[in-house]
There are 2 protein chains.
Amino acid sequence: MTDSQRPRGRPRAFDRDEALKTAMLLFWRHGYDGVPVAQLATAMGIAPASLYVAFGSKEALYREAVRFYLSLGRLGIERLQESASAKEGVHAMLRSAAKAFTQPDLPPGCMVGVGALRCAGENRVIEEATAELRRLSAKAVHLRIERARREGELGKDVSPQALTDFFSAVVEGMSVLACDGACRERLLHMADTAMAAWPVVD
Amino acid sequence: MTDSQRPRGRPRAFDRDEALKTAMLLFWRHGYDGVPVAQLATAMGIAPASLYVAFGSKEALYREAVRFYLSLGRLGIERLQESASAKEGVHAMLRSAAKAFTQPDLPPGCMVGVGALRCAGENRVIEEATAELRRLSAKAVHLRIERARREGELGKDVSPQALTDFFSAVVEGMSVLACDGACRERLLHMADTAMAAWPVVD
DNA sequence: TCATTTTTTGAGTGATCCGAAAACAATTCT
DNA sequence: AGAATTGTTTTCGGATCACTCAAAAAATGA
C-alpha cells in the first residue's frame, strides 16, 4: 500500500521529461507553427505515433511544454511577492529576465513572449492560450505594485495599470532584443535604465 | 518620349498594390509561417500561379509587403531627426507607435515586430531580414540620441546604447501588449510612463 | 491578319502536414 | 501459461505545403 505499484503495460522506452524538454526547446526557438510534429519526434528520438500516445496531440504537447518552461521559474516572477519593496522586486525581475533571455545554451528571448505570438488561423487557440500566460505574469506584477501603493511605497497619483504595462513591455521588449542578438550586458544595462522610470515619492 | 508607352502583353487584371496590401495584412496578422500561399492568393482574388508571376515567390512577396508596411511611415521614426529635441522626438515616436499598434481596422501590434520573430528552420533568412529591419529602426533612434548628447541635451554620463535599447524595447513591448488586447489609451498612458526614464541633465 | 508578349487559369509536381490504424513487443496480473 | 494492458514501429490517409507547367486569353506592333 505504501509503495506505488508499477504500471501495467510495456514500459516507456524514452524519458518523458527529457522529450518534453526537447519539445520546449524547439517550440521556443521556432514557434508553434515553425515546428512540424515529425521534427519534434525525430529530435525526441521516437516515432510520431509514440509522441501522440505520450502527449495526445501537437497542441497538448505545446501546452505541456510551455508549462514546463514556466515551471523552471527563471523569470523571477514568483519572488516578486517576497521582495522587501516593489521597486527592488521589479528591478530583480528585470535583471533575472535579462539573464534568462541570454542563456548561452538556450534559445534567446522568452518562450512565452516569442513562441506563439502570431499563428495560423486554425491555431488561434494557441495564440490565445499563450497570451493568457503573458497576462498572468503581468497580473503578478500588477498585484505587487498595487500592494506597494497601498503600503505607501508609491504615491496615490501613480497608475498601477500604467506602471504594470510599462514593465511588462520592457520585459517583452527585452525578449525581442535578445532574439535580435543583444548580449546579456546590454540587456542588464537597459534594465537599469528602465528603472529610472520608477516614480519618486512626493 | 514624355508619356510612357503602354506595356506590351496582356494587362494585369488585378491591382498589384491592392494585392500587396492584402498580403501585408495577412502576414501582419498571422506571421510568415502562418499564411500559406493558397490563402494569400485567395484573399487577393487570383490564382497562385498569378501570384508567382507578379511577385516571384512567397519570400519575395513578404519582403515587398514588409517594405510596403514601412513605407506607410506610421511609426514616426523618420520625424525623429526633424524634432527640436530628442526627448520630444522619442516621446512623439512612442505615442505614434501606440496609435499605430491599435488602429481599429488593422491587425494589432507592429508587423515588423511580431510578423516573423520566430520561423521554421528553412525560413531562417526571413527571421534575419526582419530582425535587420528592427535594427535599422533602432539605429535611427540611436543616431538621434547620440546627436542629443553631442548637443548637450543629454549628459556625458548617459549611455546612448542603453537608452536606445530601452526605447526600442518599449516599442516592441507595446507591440506585444497590443497583440494581447491592450487598448490605445493604455498604451498611450504607458508611453508617457516610459518617458519618466529620460535622464535629467545635471 | 498574324506574330509577339504578357497574364490568366486549371491541373499537377513531389514533399510535407497532422494524425490514425494495425501489427508487434514488453511488461503485469491471474 | 495465458489474458490484459500499454508502448513500439511501420504504414498509410487525406489534406495541404510551396511551386510549376501548359494552354488559353488579351493586349500590342507590324
Side-chain angles (χ1 to χ4, degrees), chain A residues 1 3-20 22-23 26-27 30-65 116 118-127, chain B residues 1 3-20 22-23 26-27 30-65 116 119-127 129:
Chain A
M1 277 257 188
D3 53 353
S4 63
Q5 51 188 351
R6 321 253 292 273
R8 282 287 245 101
R10 174 175 178 172
R12 191 176 285 116
F14 62 95
D15 185 330
R16 196 177 185 280
D17 277 348
E18 202 62 35
L20 189 57
T22 300
L26 282 172
F27 282 132
H30 295 292
Y32 185 80
D33 285 336
V35 191
V37 172
Q39 185 181 352
L40 289 163
T42 299
M44 291 171 172
I46 59 176
S50 291
L51 185 153
Y52 280 92
V53 170
F55 298 100
S57 68
K58 183 183 179 183
E59 176 182 334
L61 174 59
Y62 171 80
R63 289 177 184 272
E64 205 167 330
R118 307 274 80 177
C119 290
E122 68 268 23
N123 298 325
R124 173 76 179 270
V125 60
I126 295 286
E127 266 183 20
Chain B
M1 279 266 187
D3 53 352
S4 64
Q5 51 188 352
R6 318 256 291 274
R8 283 287 246 107
R10 176 174 176 171
R12 190 176 284 118
F14 63 96
D15 185 329
R16 197 177 184 279
D17 279 348
E18 202 62 35
L20 189 59
T22 299
L26 283 172
F27 283 132
H30 296 291
Y32 185 80
D33 284 336
V35 191
V37 171
Q39 185 181 355
L40 288 163
T42 300
M44 291 170 171
I46 59 176
S50 290
L51 185 154
Y52 279 90
V53 171
F55 297 101
S57 69
K58 184 184 178 184
E59 176 182 333
L61 174 58
Y62 171 79
R63 289 177 183 271
E64 205 167 330
C119 291
E122 68 266 23
N123 298 324
R124 174 76 180 271
V125 59
I126 295 287
E127 268 183 20

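In the text below, chain A, chain B and the rest are named by the order of the sequence lines, each starting its count at 1. Any value given below was found using the heavy atoms of this structure, including those in side chains, with hydrogens, waters and symmetry copies removed.
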Position toward the 5' end of DNA chain D (nearest nucleotide), B/R8 or A/G45: A/G45
First encountered from the 5' end of DNA chain D, between B/A49 and A/E122: A/E122
How close or far is atom [atom2] of [N] from atom [atom1] of [X], stated in whole angstroms?
X      : N      : atom1 : atom2 : value
B/R12  : C/dT5  : CZ    : P     : 18 Å
A/L51  : D/dT9  : CG    : P     : 11 Å
A/Y32  : C/dC17 : OH    : P     : 13 Å
B/R10  : C/dT5  : CZ    : P     : 17 Å
B/D33  : D/dT16 : CG    : P     : 18 Å
B/N123 : C/dC17 : CG    : P     : 12 Å
B/L40  : D/dC19 : CG    : C1'   : 13 Å
B/D15  : C/dT7  : CG    : C1'   : 15 Å

Sugar-phosphate, base or nothing in reach of B/A13, heavy atoms under 4.0 Å: sugar-phosphate
Sugar-phosphate only, base, or nothing, as touched by B/V37 at under 4.0 Å among non-hydrogen atoms: sugar-phosphate
Any donor-acceptor N/O pair, A/S50 side chain to A/I46 backbone, under 3.5 Å: no
Whether B/Y62 and B/Y32 hold their rings parallel, tilted or perpendicular, with breakpoints at 30° and 60°: perpendicular
Minimum-distance nucleotide (side-chain atoms of [X] versus [options]):
X     : options                : value
A/A38 : C/dG19, D/dT8, C/dC17  : C/dC17
A/A47 : C/dC29, C/dA26, D/dT10 : D/dT10
B/P11 : D/dA26, C/dT7, C/dG19  : D/dA26

D/dG7 phosphate, OP1 or OP2, under 4.0 Å from A/S50 side-chain N/O: no
Pair A/R118-A/N123, side-chain contact (heavy atoms from CB on, under 4.5 Å): steps then yes or no: CA-CA 9 Å; A/R118 307 274 80 177; A/N123 298 325; over 6 Å; no
Considering all heavy atoms, the nearest B/A116-B/I126 contact: CB-CG2, 3.8 Å
Shortest non-hydrogen contact from B/E64 toward B/R16: OE2-NH1, 2.6 Å
